[in-house]
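Heads up: the structure comes next, in structure tokens.
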Amino acid sequence: MEGGFGSDFGSSGSGKLDPGLIMEQRMTDKCFRKCIGKPGGSLDNSEQKCIAMCMDRYMDAWNTVSRAYNSRLQRERANM
């Protein structure tokens, strides 16, 4: 995981990583770096808007990729 809080984040103990937790951590890391210039006790309005827009874009991209991946899996299973 690039720049995350630990390589075992999201591990369920069975050696498998939870894709949802990994996605959430990456989104948090990327949006924090992009939107928060000077960490403090609270977020100003521009930081709040930036975080919200960044998270929305990340989730939209995640959903698009997930749909394409699932569609491809279904096509490949149908061809077996």
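Below, each value reflects all heavy atoms present in this structure, side chains not excepted, and no hydrogens, waters or symmetry copies. The shown structure was predicted, so the numbers you read here are calculated from the model rather than taken from an experiment.
- Residues W62 and P19 come closest through the heavy atom pair CH2-O, 3.7 Å.
- For the atom pair CE of M23 and CG of L21, the computed distance is 9.0 Å after rounding to the nearest 0.5 Å.
- In this structure, CE on M80 lies 8.0 Å from CZ on R77, to the nearest 0.5 angstrom.
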Going by atom type alone, with no hydrogens or angles, which donor-acceptor pairs under 3.5 Å involve a side-chain atom of residues 40-52 and a protein atom two or more places apart or on another chain?
from : atom 1 : to  : atom 2 : distance (Å)
D44  : OD1    : S46 : N      : 3.1
D44  : OD1    : S46 : OG     : 2.8
D44  : OD1    : E47 : N      : 2.8
E47  : OE1    : D44 : N      : 3.0
Q48  : NE2    : L43 : O      : 3.1

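- Between atom CD of residue Q25 and atom CG of residue D18 there is a gap of 12.0 Å, rounded to the nearest 0.5 Å.
- Of the inter-residue distances, the one linking D29 atom CG with M27 atom CE reads 10.5 Å to the nearest 0.5 angstrom.
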Counting only pairs under 3.5 Å, give me each side-chain donor-acceptor contact of residues 53-60, with atom names and distances, residues two or more places apart or in other chains.
none

Side-chain donor-acceptor contacts of residues 67-74 below 3.5 Å, not counting sequence neighbours, with atom names and distances?
from : atom 1 : to  : atom 2 : distance (Å)
N70  : ND2    : S66 : O      : 3.2
S71  : OG     : R75 : NH1    : 3.0
R72  : NE     : E76 : OE2    : 3.0

